[in-house]
Amino acid sequence: GESVGLHLPTLSVQEGDNSIINCAYSNSASDYFIWYKQESGKGPQFIIDIRSNMDKRQGQRVTVLLNKTVKHLSLQIAATQPGDSAVYFCAARGAGSYQLTFGKGTKLSVIP
Amino acid sequence: DGGITQSPKYLFRKEGQNVTLSCEQNLNHDAMYWYRQDPGQGLRLIYYSQIVNDFQKGDIAEGYSVSREKKESFPLTVTSAQKNPTAFYLCASGGGETQYFGPGTRLLVL
């Protein structure tokens, strides 16, 4: 089955710097990926998604990069703000499946 | 005001008691999901439903039950057979590939 993992459980960045959060997946047939942000005590919030036929997708201050060769995706947050402090996790969907497999999350702390 | 609502926010269960967690959505999504979140772990799928009157077991369905009598509602019952029910329970819905989550219910055992 699919497994999804994040490289670092915690990440601290200075306010204003860029943040990069990484994720690896195991199933080369995965065709859809999502990044979520979860603040303490709240439900996950959709940030951005990408399909396997794309390498890069940009949103407001966020960019997701997908490298299918090494089965790796990353979330880049530009000009990180204190409000970005949260747990971020990725999820992957196997082709033809309704189910998502979730990583364990990286806790991002922004230093003022 | 569209979205997914879960109630209650906190729920206390006594030994041997069944409790039901509510999940409602007004997004007109066909699919609904229940996940369990434990500290330091990823979300684990309990049950999911792709259409009214149909649902499937996820990875950790033992000790849980669901129903899907209406498109808008997907309640989860934590039965007395679930020996370690303390967790944060998240409901999600989706009309396509993306899943959107509710605010969650934290279940604690007295």
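To find a chain, count down the sequence lines: A is the first, B the second, and so on, and within it residues start at 1. It should be emphasised that the depicted structure is a prediction, and the values quoted were computed from it without experimental measurement.
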Looking at [X], I'd like to know if its [atom1] atom is crowded, meaning that more than 12 non-hydrogen atoms belonging to other residues, nucleotides or ligands lie closer than 6.0 Å.
X      : atom1 : result
B:E69  : CD    : no
B:I51  : CD1   : no
A:K107 : NZ    : no

| field | Minimum heavy-atom distance between A:I34 and B:T98, given as atom pair plus value | value | CD1-CA, 4.0 Å
| query | B:Q99 and A:Y36: which non-hydrogen atoms are nearest, and at how many Å? | reply | O-OH, 2.5 Å
Indicate, with yes or no, if [Y] and [X] share a hydrophobic cluster defined by side-chain heavy-atom contacts under 4.5 Å among Ile, Leu, Val, Met, Phe, Trp and Tyr.
X     : Y      : result
A:V13 : A:I21  : yes
A:I48 : A:L66  : yes
A:L11 : A:V110 : yes
A:V64 : A:M54  : yes

If I measure from the heavy atoms of chain A, does [X] come under 4.5 Å with its side chain, its backbone, both, or neither?
X     : answer
B:Q6  : neither
B:L43 : both
B:Q56 : neither

| query | With chain A, which of B:A31, B:G42, B:G94 has the greatest number of heavy-atom pairs at distances under 4.5 Å? | reply | B:G42
| Between NZ of B:K9 and NZ of A:K42, what distance do you get to the nearest 0.5 Å? | 8.5 Å
| said: Nearest 0.5 angstrom please: B:E97 CD to A:D31 CG, how far? | reply: 6.5 Å
| message | With a 4.5 Å cut-off on side-chain heavy atoms, are A:Q38 and B:F88 touching? | response | yes
